[in-house]
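The structure displayed is predicted, hence computed values, not measured ones. When reading the values below, keep in mind they use all heavy atoms of this one structure, side chains included, and skip hydrogens, waters and symmetry mates.
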Amino acid sequence: ALYTGLYWGLGHGIGAGLVGLLAFLVRGALNLDAICVYMEAAVGISILIIGVNGVREAREWSSDVQAARALAEDERAAGDAAGSAIDGSV
């Protein structure tokens, strides 16, 4: 997890730095007031997509956990029944 976080942080930092450098270099060539609204909309749409994906993944995880719990309960019940049959306590 440490290396994953480290690589993510470095990649994110380097990418943000490069975008910032590019924006600094072309600051005079672009009319930022004209594109600012579109860029804000793009950020908003990105956040919505991330949120929808997060909810979807949480639902998948929840259903996986419920299935694993049901399977464990079934296996435990089957083991209890087999143990009872062996003991003759059925």
Side-chain angles (χ1 to χ4, degrees):
L2 175 68
Y3 291 114
T4 301
L6 180 66
Y7 290 135
W8 179 88
L10 285 173
H12 186 76
I14 291 169
L18 290 174
V19 169
L21 178 64
L22 179 64
F24 181 76
L25 294 174
V26 299
R27 69 186 180 279
L30 297 175
N31 181 0
L32 294 179
D33 292 331
I35 63 171
C36 186
V37 173
Y38 298 108
M39 296 307 292
E40 289 177 0
V43 169
I45 291 169
S46 298
I47 291 171
L48 286 173
I49 291 170
I50 291 168
V52 168
N53 283 332
V55 169
R56 183 182 49 82
E57 289 179 10
R59 286 182 178 167
E60 288 175 6
W61 179 81
S62 178
S63 66
D64 289 346
V65 168
Q66 290 174 356
R69 286 181 180 162
L71 179 62
E73 180 64 27
D74 290 346
E75 289 175 351
R76 187 187 64 77
D80 289 348
S84 298
I86 292 172
D87 293 341
S89 59
V90 175

(request) Give a yes or no answer on whether the side chain of S46 reaches the backbone of A42 with a donor-acceptor pair at less than 3.5 Å. (result) yes
(message) Assigning hydrophobic clusters by single linkage (Ile, Leu, Val, Met, Phe, Trp, Tyr; side-chain heavy-atom cutoff under 4.5 Å), is V26 placed with I35?
(response) yes
(message) Using the rule given for side chain to side chain contact (heavy atoms under 4.5 Å, CB included), can you reason through V55 versus R59, listing the C-alpha separation, both sets of side-chain angles and the distance that settles it, and then say yes or no?
(response) CA-CA 6 Å; V55 169; R59 286 182 178 167; 4.0 Å; yes
(message) Test question: given the 4.5 Å side-chain rule for I, L, V, M, F, W and Y, name all other residues clustered with I45, or answer none.
(response) I49
(request) Flag the pair R56 and E60 as a salt bridge only when some basic side-chain nitrogen lies within less than 4.0 angstrom of an acidic carboxylate oxygen. (result) yes
(request) Under the salt bridge (Lys or Arg N to Asp or Glu O under 4.0 Å) rule, collect the residues that match up with E57, sequence neighbours excluded. (result) none
(message) For L21 and L25: C-alpha separation, side-chain torsions, deciding distance, then whether side chain to side chain contact (heavy atoms under 4.5 Å, CB included) applies.
(response) CA-CA 6 Å; L21 178 64; L25 294 174; 4.1 Å; yes
